[in-house]
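Below is one structure; the comments refer to it alone.
Quick caveat, the model's predicted, so the values are computed rather than measured.
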Amino acid sequence: MNDWFTLDNAAKVFPGQNTSTWSNVFRMTAVLYETIDPSRLSIAANNVIKRFPCFDVEIHKGLFWYYFEKNQYNHLPVNPDRNNPCLRIKFHENNRYLLRVFYHNNRISVEIFHALTDAFGLSRFLCTLVAEYLRLDGHKIPAGHAVLSLDEEATEDEMIDATAHFDKKSKGKIKNKNSGFYHVNGEKYPSHNVRVTTGFINMDDLKKVAKSYPVTITEYLASVLTYVVYQHQKHTTNTQKIIGCQIPVNLRNFFNTKTLRNFSLCYQLNLDPKFGEYTFEEILQQLALNLRYINNEKTLNAMISSNIRKENASRFIPLVIKDLFMGIFFGITAEHNTSILLSNLGLLKIPKEMEPLVQKFIMIAPHGIKNAVRTAAIGYNGTLALSFTNIFKEDYVEREFFRFLVKKNIRVKVESNMDY
């Protein structure tokens, strides 16, 4: 690997958004059955970071773009956890690393700046870290599934900017409405303080209900979220705005790569209440049909090409102007074209030797500045952990969402960062 490399296409938008109210930091947690030993975790973290050269970096400003350079400190800090997750990462702190490793009781958590990677990449880092931590305690944990081998160097495929690599220069255009969307709001917590509410959902129950329609788990959960927000707007305001549901898609499922850098895009699914009253079943049918219609390689190619064209159009604009424009643009438009975010990583698989030692995994989406409904889900060992990241003190959506599932005979256990 070179000592420096450029940010991937998706990453280029994030440094200019890194403000006091918009962090673009997300978190993944592994809950073990034993209390974490901080000194052992520190050794494991610094063993593992070397295997991930695309994360073992610091960020610098160039004339036209930010770029990554090998981290000069060569020591990834490990710290006690805190109650307000996903704080903004300041580039000069934390030995200039763009990820943080935390511990609390029996939990290991990693937070990462979205410019480095997406949920797939973070899951590989966290699982490899947990495996190495367990090895240092005498457990024999092989590589496999989400655990990468520390005896192998990063491959070229893991380091690739896959968005640029797989761009087929599509001329197709994806048009999305970009204004007039509804947002659940209320009294805000202080800046960078959020309530995280996680529901541990029985996967067998959830699959049974989803199959009865029949739809996928993602289609079902997105429809429940949309229905709850639709009902909230219906009973709290006379102005009925569009409800936009944003669903990130892992492009590795469509293109032949295991890149550890960003390689995902977001689908946008809209429900317009002006068309009339909707039952849950109608919302579910409409959302599922729309998602299946757009969920194909040609649509994704068009989205990839559109992003590459935007990057190329601004190639020779000085970075100081890009940052200024990005700050103004996101200050005006951030989250205006979406009401809901549902990021479902899917089922996380680890070596069978690890399974008796790891209770569960949790993923937390980065909070925004307008949106109360930002959720992230990850499946493991028969349970789907779905977390809400809410910047408002009102918890209507979380309560009604989990209540809806329980009414469908889906078993759910709920916890919050306000509980500990």
Side-chain angles (χ1 to χ4, degrees), residues 6-29 54-55 57-61 65-68 82 84-94 96-102 109-123 125-126 161 163 183 188-189 191-194 196 246-251 260-266 268 307 310-311 319 322-338 340-343 345 363-376 387-391:
T6 59
L7 279 66
D8 60 66
N9 173 264
K12 286 187 167 84
V13 303
F14 294 119
Q17 303 173 33
N18 189 36
T19 67
S20 60
T21 55
W22 187 284
S23 72
N24 285 301
V25 172
F26 61 106
R27 167 184 285 225
M28 199 171 291
T29 297
C54 52
F55 300 168
V57 296
E58 53 189 73
I59 193 168
H60 294 279
K61 287 185 175 182
W65 296 109
Y66 288 90
Y67 65 94
F68 292 133
R82 54 195 176 201
N84 50 337
C86 302
L87 282 174
R88 170 193 183 191
I89 285 182
K90 297 181 179 179
F91 299 155
H92 63 280
E93 296 179 342
N94 194 47
R96 298 190 65 89
Y97 280 98
L98 303 177
L99 72 160
R100 309 183 184 109
V101 179
F102 295 114
S109 299
V110 179
E111 293 182 348
I112 201 161
F113 186 38
H114 214 328
L116 286 184
T117 190
D118 52 22
F120 176 91
L122 178 53
S123 70
F125 182 85
L126 175 63
D161 178 357
T163 306
H183 296 92
K188 283 188 176 182
Y189 286 107
S191 180
H192 274 316
N193 282 260
V194 297
V196 178
Q246 196 173 70
I247 301 177
V249 57
N250 181 4
L251 297 178
L260 296 176
R261 301 174 70 186
N262 286 292
F263 198 39
S264 56
L265 290 170
C266 286
Q268 176 84 15
N307 288 344
K310 292 173 184 176
E311 176 187 337
L319 182 60
K322 285 192 184 86
D323 277 351
L324 178 63
F325 172 79
M326 195 67 69
I328 295 172
F329 177 79
F330 276 88
I332 296 173
T333 67
E335 297 176 276
H336 281 250
N337 63 343
T338 183
I340 300 160
L341 171 72
L342 171 62
S343 178
L345 181 62
M363 186 166 69
I364 299 175
H367 63 78
I369 58 175
K370 288 178 66 71
N371 201 334
V373 192
R374 295 176 69 84
T375 66
S387 297
F388 285 81
T389 307
N390 196 340
I391 57 174

Query - Side chain to side chain, L265 and T163, heavy atoms closer than 4.5 Å - result: no

**Report entry** side chain to side chain contact (heavy atoms under 4.5 Å, CB included) against S109, all qualifying residues, sequence neighbours excluded
**Finding:** R27, T29, D81, F102

Report summary line: The reported gap from OH in Y67 to NZ in K61 (rounded to nearest 0.5 angstrom) is 12.0 Å

Report task. Taking all heavy atoms of L126 and all of V110, pick out the closest pair and write down the distance. Result -> CD1-CG2, 3.8 Å

Query - Side-chain donor or acceptor of S343 paired with backbone N/O of P248 under 3.5 Å - result: no

Query - Distance-minimising heavy-atom pair for A365 and L341 - result: CB-CD2, 4.4 Å

Report task. Could you pull out all residues at least two apart from R100 that satisfy side-chain hydrogen bond (donor to acceptor under 3.5 Å, both in side chains)? Result -> E111

Report summary line: Shortest non-hydrogen pair, S387 vs V196, comes out as CB-CG1, 4.2 Å

Query raised in the report: CE of M28 to CG of L345: how many Å apart, nearest 0.5 Å?
Result: 5.5 Å

Requested in this report: Please name all residues satisfying side-chain hydrogen bond (donor to acceptor under 3.5 Å, both in side chains) with N84, sequence neighbours left out, ordered by chain then number.
Outcome: none

Requested in this report: Evaluate the side chain to side chain contact (heavy atoms under 4.5 Å, CB included) criterion for residues L98 and I59: first the C-alpha distance (whole Å), next the side-chain angles of each, then the deciding distance (0.1 Å), finally the verdict.
Outcome: CA-CA 8 Å; L98 303 177; I59 193 168; 4.1 Å; yes

Requested in this report: Taking side chain to side chain contact (heavy atoms under 4.5 Å, CB included) as the test, write out the residues that go with Y189, two or more places apart.
Outcome: N193, R195, K393, M418

Query raised in the report: Are V57 and L116 close enough, and set up right, to give a side chain to side chain contact (heavy atoms under 4.5 Å, CB included), and what steps lead you there?
Result: CA-CA 9 Å; V57 296; L116 286 184; 3.6 Å; yes

Requested in this report: Please identify each residue that fulfils ring-ring contact (aromatic ring centres under 6.0 Å, His included) with F388, with sequence neighbours left out.
Outcome: F401, F402

Query - Residue pair Y66, D323: steps toward the side chain to side chain contact (heavy atoms under 4.5 Å, CB included) verdict - result: CA-CA 10 Å; Y66 288 90; D323 277 351; 2.6 Å; yes

Query raised in the report: Would you find a donor on one side and an acceptor on the other, under 3.5 Å apart, between the side chain of D118 and the backbone of G121?
Result: yes

Query raised in the report: Which heavy atom of H92 sits nearest a heavy atom of R96, and at what distance?
Result: CA-NH1, 3.9 Å

**Report entry** From CG (L342) to OG1 (T375), nearest 0.5 Å
**Finding:** 4.0 Å

**Report entry** H114 NE2 to F26 CZ distance, which is reported to the nearest 0.5 Å
**Finding:** 5.0 Å

Report task. Not counting sequence neighbours, which residues clear side chain to side chain contact (heavy atoms under 4.5 Å, CB included) with I340? List them please. Result -> L225, T226, V229, I243, C245, V373

Report task. Please test T6 against W65 for side chain to side chain contact (heavy atoms under 4.5 Å, CB included), starting from the C-alpha separation and ending with a verdict. Result -> CA-CA 8 Å; T6 59; W65 296 109; over 6 Å; no

Report task. Compute the centroid of each ring, for F91 and then for F113, and state whether the two points are separated by less than 6.0 Å. Result -> yes

Query - Which residues share a side-chain hydrogen bond (donor to acceptor under 3.5 Å, both in side chains) with S123, sequence neighbours left out - result: none

Query - With sequence neighbours excluded, residues passing side-chain hydrogen bond (donor to acceptor under 3.5 Å, both in side chains) with N24 - result: Q17, W22

Query raised in the report: Can you name the nearest heavy-atom pair linking N250 to F263, along with the distance?
Result: OD1-O, 3.8 Å

Query raised in the report: Which residues pass the salt bridge (Lys or Arg N to Asp or Glu O under 4.0 Å) test with K12, sequence neighbours left out?
Result: E311

**Report entry** For A11, all residues meeting side chain to side chain contact (heavy atoms under 4.5 Å, CB included), sequence neighbours excluded
**Finding:** L7, D8, A115, N262

Query - Expected output: side-chain T389 to main-chain H367 donor-acceptor under 3.5 Å - result: no

Report task. Quick one: closest heavy-atom pair of N337 and Q268, and the distance? Result -> O-NE2, 2.7 Å

